[in-house]
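Notes follow the structure.
No experiment lies behind these values; they were computed from the predicted model shown. Just so we're on the same page: letters track the sequence lines, and every chain starts at 1.
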2 protein chains.
Amino acid sequence: MKALLGDARLHDRVVTADVAASWIEDGMTLGLSGFTRAGEPKAVPFALVERARQAPLKVNIITGASLGSDVDRVLAEAGIVRRRLPYQSDDVMRRKINRGEILYIDQHLSETAEWIRDGVLPPIDVAIIEALAVTEAGLLIPTTSVGNSAIFAQRARRVIVEINTAQPRGLYGIHDVYDVGVRGARAPIPIIRPSDRIGLPGIPVDPDKILAVVFTHRPDSPSPITPPDGDTERIAAHILRFLRDEVAAGRLTPRLAPLQAGIGSVANAVLYGLLDSEFHDLEFYSEVLQDAVFDLIDAGKIVFASAAAVTLTEKKMRDVFGRFDAYRERLVLRPQEISNHPEIIRRLGLISINTALEADIYGNVNSTHVRGTQMMNGIGGSGDFARNARLTIFVTKSVAQNGAISRIVPFVSHVDHPEHDVDVLVTEYGYADLRGLAPIERAPLIIERCAHPDYRPLLMEYFREALKRGGQTPHVLEKAFAFHLNYERYGSMRAKPTTASIEAPVSSS
Amino acid sequence: MKALLGDARLHDRVVTADVAASWIEDGMTLGLSGFTRAGEPKAVPFALVERARQAPLKVNIITGASLGSDVDRVLAEAGIVRRRLPYQSDDVMRRKINRGEILYIDQHLSETAEWIRDGVLPPIDVAIIEALAVTEAGLLIPTTSVGNSAIFAQRARRVIVEINTAQPRGLYGIHDVYDVGVRGARAPIPIIRPSDRIGLPGIPVDPDKILAVVFTHRPDSPSPITPPDGDTERIAAHILRFLRDEVAAGRLTPRLAPLQAGIGSVANAVLYGLLDSEFHDLEFYSEVLQDAVFDLIDAGKIVFASAAAVTLTEKKMRDVFGRFDAYRERLVLRPQEISNHPEIIRRLGLISINTALEADIYGNVNSTHVRGTQMMNGIGGSGDFARNARLTIFVTKSVAQNGAISRIVPFVSHVDHPEHDVDVLVTEYGYADLRGLAPIERAPLIIERCAHPDYRPLLMEYFREALKRGGQTPHVLEKAFAFHLNYERYGSMRAKPTTASIEAPVSSS
């Protein structure tokens with residue numbers, strides 16, 4: 001226990017999760033560790049839910065990003081979340097958000113720390129942070145994610161530490177915690193390679209602020225990533241072909257540029273596609289390390305990887321967590337403010353690969369809202385990367401629901417990434433390189449290269465009608481959402497409507 | 001002449017504009033100096049237009065931003081522009097763009113230099129750069145703008161220099177030209193205060209690349225900024241009130257934070273509003289120095305101002321250009337890549353004020369497209385600033401065309417700035433502080449504080465109907481563009497439609 005709590009003063013603060021939870025009051029704002037389902041506190045949130053059965057309790061929850069271990073689910077089910085930011089991916093919470101029962105602030109993942117630092121958000125009353133240990137020197141050693149834990153520990157009034165003895169001890173030494181300081185009195189962040197270590201191996205925390213220490217023993221919930229299928233493999237192959245074309249054009253070398261890949265099956269498939277490629281000595285500067293990164297390190301393809309979290313499948317956890325020493329020199333986990341910082345993303349010149357929910361014929365991308373209204377997960381870090389990367393690639397399968405939904409539409413029902421930020425769009429049918437093209441050049445290219453063949457005629461019909469009306473970005477506004485409305489009414493975006501029953505415009509009556 | 005051409009080898013290259021233009025060939029890509037109507041070449045473009053009367057000529061034109069002296073107009077009228085980027089603001093060119101006769105690539109102003117450096121754009125055959133002089137040391141001294149001139153001079157195959165003897169000699173020493181280097185092998189940009197000088201007083205240019213030197217004597221065309229009116233003064237007053245509230249909340253001091261203000265009457269009015277305020281020792285880190293900045297320096301309110309260009313009214317030019325020595329220690333002009341660099345904007349923590357063409361009830365902003373299709377000017381630097389500033393403020397008058405157009409709509413017809421990037425929205429009716437609010441909280445606030453009273457009931461009616469359908473961002477998709485369609489059909493967004501004639505959705509027939 002000495003190694004886990006190096007500061008003897010903390011020994012008296014060890015309590016059960018129930019006791020720690022009893023100190024959390026109605027109306028408080030809580031900062032929880034956790035990023036892409038890794039490194040969230042696994043005891044106090046459950047105790048808090050139990051406690052809420054006795055007395056009314058509503059809290060605001062700020063995290064790094066999504067929480068694992070069903071924490072978001074149980075918090076949502078218990079109805080104790082008033083406000084939630086900056087990201088979630090749980091389906092119970094999602095339903096409550098979409099019913100307006102939880103106020104959800106969907107934020108660029110690099111910006112939450114700035115808002116906390118500037119006092120834009122309510123002060124954090126209690127931070128609850130999972131840790132491997134608190135050292136004698138007062139450093140809280142995070143587990144599988146750093147996320148926003150450093151800013152929480154720095155700014156929260158009180159801190160509850162969950163020491164999780166089930167997390168791999170091999171993670172010691174993998175973290176690099178750098179404090180950017182306040183805006184206006186801030187030096188350049190001295191990262192010029194993904195491998196640069198610029199901070200401390202843990203989070204400095206004032207021992208007097210530590211309200212409680214709770215011991216837990218429960219591994220992270222495993223990543224639900226599905227293996228590549230035919231379509232994701234085809235998408236990966238198109239991306240590799242695009243990257244080869246860039247090398248041939250002299251714009252990249254076979255070492256490419258530091259890669260960022262969003263979480264998900266497509267990103268994982270793309271990374272696996274690199275395994276057998278000619279590309280070598282690759283670097284990775286991203287939010288999260290998925291299974292494929294470890295395989296690429298094992299194969300000698302990736303020489304260094306930087307992220308804010310490690311999120312693995314159960315199989316991969318068993319594989320690598322026992323022998324983590326082998327990776328420590330090749331990995332670093334940073335605060336999400338650093339992994340996603342515009343300054344670093346622009347300086348390193350990342351190749352950024354993220355998933356689109358839908359894209360339109362001009363290259364605008366919707367990452368968040370189903371049919372413009374229903375929140376899926378959130379924008380996550382995609383905006384941090386898309387705006388600042390050297391190459392911004394968005395991927396999506398061309399259709400969903402057996403073809404009832406086209407992922408390429410005339411006008412996206414919500415814009416997270418305006419066309420200015422989208423360089424390349426990829427589906428299983430091919431890639432459209434949009435750089436340097438005017439909108440009227442982009443549309444036929446996207447339709448021809450990326451749309452599903454069943455939807456190409458409909459999209460071209462829309463584009464041709466729009467073209468007749470002219471404009472930099474031609475549209476037929478009264479039909480712009482016809483695909484979405486078709487789906488809502490007839491169950492398919494390409495359905496033949498039986499009536500022409502679009503309602504009259506809003507009017508002053 | 002020795003002082004104007006320090007390198008004697010250049011004396012032989014002095015030619016007329018006609019001769020210089022004769023060396024420009026059909027199909028070439030040209031890089032022209034000029035940013036916000038300042039410092040564009042004023043002779044060769046006109047000679048080029050003359051030359052095009054003899055033989056077919058089409059060129060691609062890349063600039064810093066908008067060109068003065070009607071250069072964009074005459075190029076557009078002559079029909080010699082194939083592709084144009086990254087920004088323009090001329091109404092003849094605008095019409096040609098919207099007819100599809102000129103391919104216009106609307107780009108974040110910080111990114112053009114990166115595309116040139118990476119070889120994404122066609123190589124620049126000839127750069128045409130206005131200068132005060134070329135020094136003995138081979139430095140080209142820019143005039144009233146730096147814009148993209150440094151990257152043009154570095155990467156173009158050949159350079160034509162226009163020495164403009166009508167530009168104020170007092171500009172010597174105001175420029176600071178820093179080369180960021182290629183991405184992936186780039187150091188941090190060492191600016192930590194707006195006043196930091198980090199580069200050279202001019203643009204290094206290989207004398208062997210200088211194809212021609214042309215002498216001109218013609219001042220910049222004056223800024224067309226209109227004086228503040230009642231509405232812009234009210235907008236300015238609301239912004240000052242917001243800033244005071246931020247000081248009262250402890251989030252800012254009376255020194256505020258470095259200010260960025262887009263070009264235009266509202267921004268100018270806001271800056272004039274600072275003259276009689278309690279704020280002091282202000283800094284300015286922006287794209288362009290307008291009249292107000294000089295008044296604020298004179299009044300001792302602004303202690304330092306950094307930008308990429310100086311654009312003044314005729315009166316102000318007469319006032320300051322003759323006594324520019326008085327300002328040199330308080331001003332710097334930088335490449336637009338630096339004035340608009342995400343790294344610096346985020347580090348300094350700017351307060352960014354830009355104009356919206358329209359905003360929607362959830363805070364998404366359209367900066368570019370009239371009714372979603374017709375390009376106005378372009379996104380300019382607003383995306384560089386909005387994404388990375390500490391405080392992102394968008395301003396607009398609540399209505400246009402005597403109330404026929406509401407600037408607040410249910411769903412913007414084009415998204416340049418997604419709601420994630422918009423902190424505060426301001427009209428002459430008030431400000432809506434959107435930070436930390438979920439979309440369903442934002443809508444009533446924007447409607448109540450910012451919309452014109454005549455439109456509030458219509459907007460609330462839309463929002464209430466949308467709310468019944470639920471979702472994170474409630475919408476009634478079939479009515480989302482009803483305001484715009486009303487205007488197209490009945491000449492007013494609030495018109496009562498006489499028929500309910502919206503067409504059927506696209507269908508596979």
Using non-hydrogen atoms only, which part of A/L467 is less than 4.5 Å away from chain B: side chain, backbone, both, or neither?
neither
Point-to-point distance, once rounded to the nearest 0.5 Å, from CG of B/D118 to CG of A/L252:
8.0 Å
Closest approach of B/R371 and A/L477, non-hydrogen atoms and distance?
O-CD1, 3.7 Å
Once side chain to side chain donor-acceptor pair (under 3.5 Å) is applied, do any residues pair with A/T373, and if so which ones, sequence neighbours excluded?
none
Where is the tightest heavy-atom contact between B/W115 and A/R435, given as atom of each residue plus distance?
CH2-CA, 3.9 Å
How long is the straight-line distance from OG1 of B/T473 back to OH of A/Y104, given to the nearest 0.5 Å?
11.0 Å
Which distance, rounded to the nearest 0.5 Å, do you find between the CD1 of B/I105 and the CG of A/L434?
11.5 Å
Which pair of non-hydrogen atoms, one from A/I192 and one from B/P188, has the smallest distance, and what is that distance?
CG2-CD, 3.6 Å
Nearest non-hydrogen partners of A/R346 and B/R186, listed with the distance:
O-NH1, 3.8 Å
Separation of A/N388 CG from B/R183 CZ (nearest 0.5 Å)
9.5 Å
Go through the atoms of A/H341 and report whether side chain, backbone, both or neither lie under 4.5 Å from a heavy atom of chain B.
side chain
Non-hydrogen atoms of chain B under 4.5 Å away: do they reach the side chain of A/R95, the backbone, both or neither?
neither
Relative to chain B, which segment of A/D423 carries a heavy atom at a distance below 4.5 Å: side chain, backbone, both, or neither?
side chain
Which answer fits B/A480, side chain, backbone, both or neither, if we ask what part of it has an atom under 4.5 Å from a heavy atom of chain A?
side chain
Which heavy-atom pair separates A/I97 from B/Q472 by the least distance, and what is that distance?
CG2-OE1, 3.1 Å
Heavy-atom cut-off 4.5 Å, strictly under: side chain, backbone, both or neither for A/H420 against chain B?
both
Indicate whether the side chain of B/H108 and that of A/D421 have a donor and an acceptor atom separated by less than 3.5 Å.
yes
Taking only residues two or more places apart in sequence, or in another chain, which ones meet B/F411 in a ring-ring contact (aromatic ring centres under 6.0 Å, His included)?
A/F481, B/H475, B/F481
Euclidean distance, B/R469 CZ relative to A/N98 CG, rounded to 0.5 Å
15.0 Å
Might you work through the side-chain contact (heavy atoms from CB on, under 4.5 Å) test for A/L103 and B/E441, ending with a clear yes or no?
CA-CA 8 Å; A/L103 294 167; B/E441 299 174 290; 3.5 Å; yes
With a 4.5 angstrom heavy-atom cut-off, could you sort out which part of B/P474 is near chain A: side chain, backbone, both or neither?
backbone
Separation of B/I379 CD1 from A/E419 CD (nearest 0.5 Å):
8.0 Å
Show your working on salt bridge (Lys or Arg N to Asp or Glu O under 4.0 Å) between A/R390 and B/E111 and close with a plain yes or no.
CA-CA 10 Å; A/R390 168 206 298 257; B/E111 292 189 353; over 6 Å; no
